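One structure is given below, encoded as structure tokens.
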Amino acid sequence: MEINETTKINSFFTKSEIKGVKSNSSSKSPDTSGCSGSISKPQITDSFIRQDAVKPADTGIYSKESITKTIEELEEQRTQAFVSMIEKMFQMQSNSEFLSVGDITKNISLNFSKEDIEAAKESISEGGFYSVDAVSTRIMDMAMALAGDDPSKISVMRDAVTKGFGQAAKTLHLKEDDMPEITKNTFSEVMKRFDDWENSYKKDDSE
């Protein structure tokens with residue numbers, strides 16, 4: 001079967017385009033006298049790049065160093081938050097002690113009712129919210145939760161408590177030795193419990 005020029009055009013152009021071609025074919029041909037030789041087509045070359053030569057951009061987001069750094073920063077933030085909580089607990093316990101004995105000169109506010117004083121006495125008594133045992137237990141519960149099962153974190157938690165105790169003294173404008181007796185006793189109790197915690201790991205290793 002012979003394929004004529006119309007068939008070729010129909011296979012590559014739409015009807016509107018064909019119409020335009022027909023109308024242009026009847027018009028005067030463009031003057032190509034100024035052109036010499038044939039018009040060369042632009043050369044298109046494909047380039048092939050080996051896959052192993054393409055390296056992904058190293059953003060550092062998932063690198064070992066960046067992950068380690070992020071973990072360390074998060075741990076530092078948690079430890080600092082722990083220090084702040086320790087500071088507040090020792091500060092509140094100290095204020096309750098000062099208030100219970102009528103020594104209000106070390107407190108910011110001077111407006112205390114009899115009910116406030118009685119509540120302060122109750123809070124530092126045995127079984128009270130700010131008693132030695134209650135505060136020590138809360139501190140150790142937080143420390144153990146943060147350390148998990150990693151015995152190397154015990155010293156970090158111990159240092160955090162020491163730092164919190166020191167900051168509480170500064171907030172109260174006191175030297176550590178001048179802190180209320182109940183607060184110093186609480187600090188000593190916490191340190192004893194840290195020793196027991198650390199020794200429990202040593203005992204497990206020896207068995």
Side-chain angles (χ1 to χ4, degrees), residues 68-207:
T68 301
K69 183 179 179 181
T70 300
I71 293 174
E72 290 176 349
E73 289 176 348
L74 290 174
E75 288 183 349
E76 178 61 29
Q77 291 174 8
R78 291 197 305 171
T79 302
Q80 187 55 48
F82 180 51
V83 171
S84 297
M85 294 178 70
I86 297 301
E87 176 189 355
K88 290 178 181 178
M89 274 195 283
F90 280 137
Q91 182 182 347
M92 293 300 294
Q93 186 185 49
S94 297
N95 282 332
S96 295
E97 170 69 13
F98 291 138
L99 183 58
S100 66
V101 296
D103 185 1
I104 60 175
T105 59
K106 295 181 177 65
N107 290 276
I108 298 175
S109 176
L110 299 179
N111 298 318
F112 297 111
S113 63
K114 290 183 179 180
E115 289 76 11
D116 293 331
I117 296 175
E118 290 301 319
K121 288 181 179 180
E122 183 178 352
S123 69
I124 62 174
S125 62
E126 185 176 354
F129 189 75
Y130 287 116
S131 63
V132 172
D133 181 68
V135 175
S136 298
T137 299
R138 289 201 299 277
I139 289 175
M140 294 306 299
D141 286 347
M142 287 188 292
M144 290 180 175
L146 289 172
D149 295 326
D150 188 353
S152 66
K153 294 292 193 304
I154 296 178
S155 61
V156 177
M157 296 297 102
R158 185 197 293 267
D159 291 343
V161 174
T162 302
K163 187 175 181 180
F165 181 79
Q167 289 184 182
K170 289 181 180 179
T171 302
L172 295 169
H173 306 290
L174 296 171
K175 294 180 179 180
E176 292 184 13
D177 290 340
D178 294 332
M179 291 284 278
E181 199 66 27
I182 187 173
T183 306
K184 290 190 291 185
N185 290 342
T186 301
F187 179 76
S188 297
E189 175 64 21
V190 171
M191 292 298 108
K192 178 181 177 299
R193 295 190 188 190
F194 268 114
D195 290 337
D196 294 340
W197 184 17
E198 195 168 23
N199 290 332
S200 68
Y201 280 100
K202 294 178 181 179
K203 182 180 179 180
D204 292 339
D205 292 338
S206 63
E207 294 178 352

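Treat the numbers as computed from the prediction; the structure is a model and nothing was measured.
Surrounding CE of Met85 are at most 12 heavy atoms belonging to other residues, nucleotides or ligands under 6.0 Å away. The environment of CD in Glu122 is sparse: at most 12 heavy-atom neighbours from other residues, nucleotides or ligands sit within 6.0 Å. Environment of CD in Glu73: crowded, with over 12 heavy atoms of neighbouring residues, nucleotides or ligands closer than 6.0 Å.
Between Asp195 and Lys202 no salt bridge is recorded (no basic side-chain N to carboxylate O distance below 4.0 Å).
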Legend entry - Worked verdict on Arg193 versus Asp133 for salt bridge (charged side-chain N to carboxylate O under 4.0 Å, His left out): CA-CA 11 Å; Arg193 295 190 188 190; Asp133 181 68; 2.9 Å; yes
Legend entry - Residue pair Asp116, Ser113: steps toward the side-chain hydrogen bond (donor to acceptor under 3.5 Å, both in side chains) verdict: CA-CA 5 Å; Asp116 293 331; Ser113 63; 3.2 Å; yes
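A donor-acceptor contact closer than 3.5 angstrom is absent between the side chains of Glu97 and Thr183. Side-chain contact annotation: Asp150 with Ser152, donor-acceptor N/O pair under 3.5 Å present. Using modelled atom types, one finds no donor on one side chain facing an acceptor on the other under 3.5 Å when comparing Thr162 with Asp159.
Nearest approach of Ala143 to Met157, heavy atoms of both residues: O-CG, 3.7 Å. Closest approach of Thr186 and Val135 over heavy atoms only: CG2-CG1, 3.7 Å. Across every non-hydrogen atom of Met92 and Tyr130, the tightest pair is CB-OH, 3.4 Å. Nearest heavy atoms, Lys184 versus Asp177: NZ-O, 2.9 Å.
In this structure, CG on Leu99 lies 8.5 Å from OG on Ser123, to the nearest 0.5 angstrom. Taking CE from Met179 and CD from Gln91, the interatomic distance works out to 8.5 Å, rounded to the nearest 0.5 Å. Of the inter-residue distances, the one linking Lys170 atom NZ with Gln167 atom CD reads 7.0 Å to the nearest 0.5 angstrom. Between atom OG of residue Ser100 and atom CD1 of residue Ile124 there is a gap of 3.5 Å, rounded to the nearest 0.5 Å. The distance from the CD atom of Glu198 to the CZ atom of Phe194 is 9.5 Å, given to the nearest 0.5 Å. The structure places CD of Glu176 at 10.0 Å from CZ of Phe90, a figure rounded to the nearest 0.5 Å.
The closest side-chain heavy-atom distance from Lys153 to Leu146 is not below 4.5 Å. Phe129 is listed as a side-chain neighbour of Arg138, based on a closest heavy-atom distance under 4.5 Å. Side-chain contact between Ile154 and Tyr201 is present, with at least one heavy-atom pair separated by less than 4.5 Å.
Side-chain N or O atoms of Ser131 include one that pairs as donor or acceptor with a backbone N or O of Ala134 at under 3.5 Å.
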